[in-house]
Structure formats: structure tokens, C-alpha cells
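One structure is given here, and the rest of the page talks about it.
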Amino acid sequence: HVTWLTPGRGEAFQHALTRAGLKRTLAPGPRERPLPDRYLDQVYDDLDRETRCVVLRFFRSAAPSVGSTRTRAQAARLRRTFGSRRPVLVIWGAKDPLLRVSMAALQREAFPSARVRVLARSGHWPFVYDPRSVRRLLLPFLRG
């Protein structure tokens with residue numbers, strides 16, 4: 001979301017964001033199903049000032065395209081900090097219109113031993129679109 005990347009504009013957008021505006025912002029891409037209203041209402045209810053600031057910081061930290069010098073530097077920092085000492089599970093939706101599925105495997109640049117699982121029927125929000133498959137992958141991983 002380009003507005004979020006622009007200092008001042010991103011803050012103004014987050015400050016003025018209404019429930020209806022959030023629903024428009026998170027409207028599905030051409031290959032995705034709409035998110036359930038109940039889920040969107042919960043997201044809005046949880047969207048306090050601190051969370052809105054975190055959203056802006058996250059988007060701004062990840063702004064450069066994948067493969068850029070800055071992104072590679074972030075991956076290297078994560079690899080040095082966590083490397084293969086931490087188990088990592090990456091769950092990705094194959095139909096994600098925002099983050100290409102090819103980016104799932106790139107998570108191994110930061111976490112070399114990551115287990116990457118792509119859900120064929122899911123989009124950007126796998127835990128919403130396909131909660132059974134996410135649970136099937138996540139629970140054994142957490143138990144391990």
C-alpha cells in the first residue's frame with residue numbers, strides 16, 4: 001500500500017481509518033475470496049494506535065523489492081540472529097495477490113532450515129481461508 005510508505009500520508013491514513021475503510025483496504029484481490037465480515041470486524045477492533053504504528057513500521061521496513069540490497073541485509077541480520085537455531089515454519093497461500101508465491105522459498109535466505117509449505121487453495125490470509133490446513137501444519141510444528 002503506497003500510502004503507508006509515505007511519511008505523513010501513512011500516519012494520516014491510519015489515523016482516519018474507519019471500519020468501512022479497513023474493509024475496502026483489505027478487499028480481496030482478483031483471485032481471492034472476500035474475508036469474512038466477522039474477521040474484518042475483529043481486525044478493526046484490535047487496531048489500536050500501537051498496532052497502527054507497527055503496521056507502518058513493518059511496511060516501511062519491507063518496502064524495497066525482494067532481492068534489493070536492503071532486503072538482503074535484513075535477511076542476513078535475521079540469519080545471524082536466529083540462523084538454524086530456531087525452527088521456522090513458513091505457511092504461504094499460492095493465490096496471494098500481494099506477495100508472490102515465489103517469495104515463500106526466499107524465506108530461507110533468513111531462515112535456512114525453514115520448512116516452507118504452500119497452500120494451493122489459499123490467498124494472503126491462509127489462516128482465514130484454510131484454517132484446517134494451517135492447523136494441520138502448525139500444531140505438529142509447535143509440538144515439535
Side-chain angles (χ1 to χ4, degrees), residues 1-83 85-139 141-142:
H1 199 285
V2 176
T3 299
W4 293 357
L5 300 177
T6 307
R9 287 182 64 199
E11 287 75 7
F13 177 89
Q14 288 291 345
H15 180 71
L17 186 63
T18 63
R19 188 176 300 271
L22 176 77
K23 289 179 179 184
R24 281 191 305 277
T25 300
L26 298 181
R31 299 178 352 173
E32 285 194 304
R33 299 183 311 265
L35 291 164
D37 277 337
R38 192 176 87 220
Y39 174 74
L40 291 169
D41 286 335
Q42 184 64 56
V43 168
Y44 186 80
D45 291 344
D46 292 340
L47 202 55
D48 59 12
R49 183 181 187 286
E50 184 177 350
T51 303
R52 291 171 194 238
C53 291
V54 167
V55 167
L56 291 177
R57 280 195 308 270
F58 171 75
F59 270 83
R60 289 171 181 169
S61 75
S65 62
V66 171
S68 72
T69 303
R70 184 172 172 189
T71 303
R72 285 192 183 114
Q74 288 173 331
R77 265 193 315 280
L78 287 167
R79 191 172 49 254
R80 280 191 309 274
T81 303
F82 299 107
R85 297 186 323 232
R86 301 256 197 280
V88 173
L89 173 64
V90 175
I91 300 174
W92 211 276
K95 296 179 180 180
D96 189 331
L98 303 174
L99 302 170
R100 298 178 315 277
V101 70
S102 60
M103 294 173 67
L106 293 175
Q107 302 308 301
R108 289 196 182 104
E109 288 183 18
F111 308 104
S113 62
R115 287 186 251 168
V116 177
R117 302 294 182 262
V118 176
L119 301 181
R121 297 176 312 178
S122 189
H124 188 70
W125 310 87
F127 58 92
V128 175
Y129 292 125
D130 194 357
R132 285 188 181 132
S133 294
V134 170
R135 189 177 312 115
R136 180 180 46 80
L137 293 168
L138 189 58
L139 291 179
F141 174 79
L142 292 173

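- Partners of Ala20 by side-chain contact (heavy atoms from CB on, under 4.5 Å), not counting sequence neighbours, listed by chain and number: Thr18, Arg24.
- With respect to Leu40, the side-chain contact (heavy atoms from CB on, under 4.5 Å) criterion is satisfied by exactly one of Asp45, Val128, Leu26: Leu26.
- Summarising the geometry, atom CG belonging to Leu78 is positioned 4.5 Å from atom CZ belonging to Phe111; distances are rounded to the nearest 0.5 Å.
- The two residues Ala104 and Val90 have their closest heavy-atom pair at O-CG1, 4.3 Å.
- The shortest non-hydrogen separation linking Ala110 to Pro112 is O-CD, 3.5 Å.
- Between Tyr129 and Lys95 there is no side-chain heavy-atom pair separated by less than 4.5 Å.
- In this structure, CG on Leu22 lies 8.0 Å from OH on Tyr44, to the nearest 0.5 angstrom.
- In this structure, CZ in Arg117 is found 9.0 Å from CD1 in Ile91, a value given to the nearest 0.5 Å.
- Here the side chain of Gln42 pairs no donor or acceptor atom with the backbone of Arg38 at under 3.5 angstrom.
- Using a 4.5 Å heavy-atom threshold, the side chains of Phe13 and Leu56 count as separate.
- In terms of the side-chain contact (heavy atoms from CB on, under 4.5 Å) criterion, residue partners of Phe141 (sequence neighbours excluded) are, by chain and number, Pro87, Leu89, Arg115, Leu138.
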Residues Gln107, Val88; criterion side-chain contact (heavy atoms from CB on, under 4.5 Å); working and verdict: CA-CA 9 Å; Gln107 302 308 301; Val88 173; over 6 Å; no
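- Applying the salt bridge (Lys or Arg N to Asp or Glu O under 4.0 Å) test to pairs two or more places apart or on separate chains, those with a residue in residues 127-138 are Arg121-Asp130.
- Scanning both residues, Val118 and Ala94, for their nearest heavy atoms gives CG1-CB, 3.7 Å.
- Applying the side-chain hydrogen bond (donor to acceptor under 3.5 Å, both in side chains) test to Asp48 and every residue at least two apart in sequence or in another chain returns Thr51.
- Judged as a salt bridge (charged side-chain N to carboxylate O under 4.0 Å, His left out), and not counting sequence neighbours, the contacts of Asp37 are Lys23.
- Put simply, CH2 on Trp4 and CD on Glu11 are 12.0 Å apart, with the number rounded to the nearest 0.5 Å.
- Formation of a donor-acceptor pair under 3.5 Å by the Arg52 side chain with backbone atoms of Leu47 is found in this model.
- Residues Pro126 and Gly93 come closest through the heavy atom pair CG-N, 3.9 Å.
- Within the 4.5 Å cutoff, side-chain heavy atoms of Leu137 are placed close to those of Leu119.
- Remark: Phe127 pairs with Tyr39 by the ring pair (Phe, Tyr, Trp, His ring centres under 6.0 Å) rule, at least two apart or across chains.
- Distance alone, capped at 3.5 Å, places no donor-acceptor pair between the Arg9 side chain and the Thr3 backbone.
- With rounding to the nearest 0.5 Å, the separation of CG in Leu35 from CG in Asp41 is 11.5 Å.
- Atom OG of residue Ser122 and atom CZ of residue Arg33 lie 7.0 Å apart, to the nearest 0.5 angstrom.
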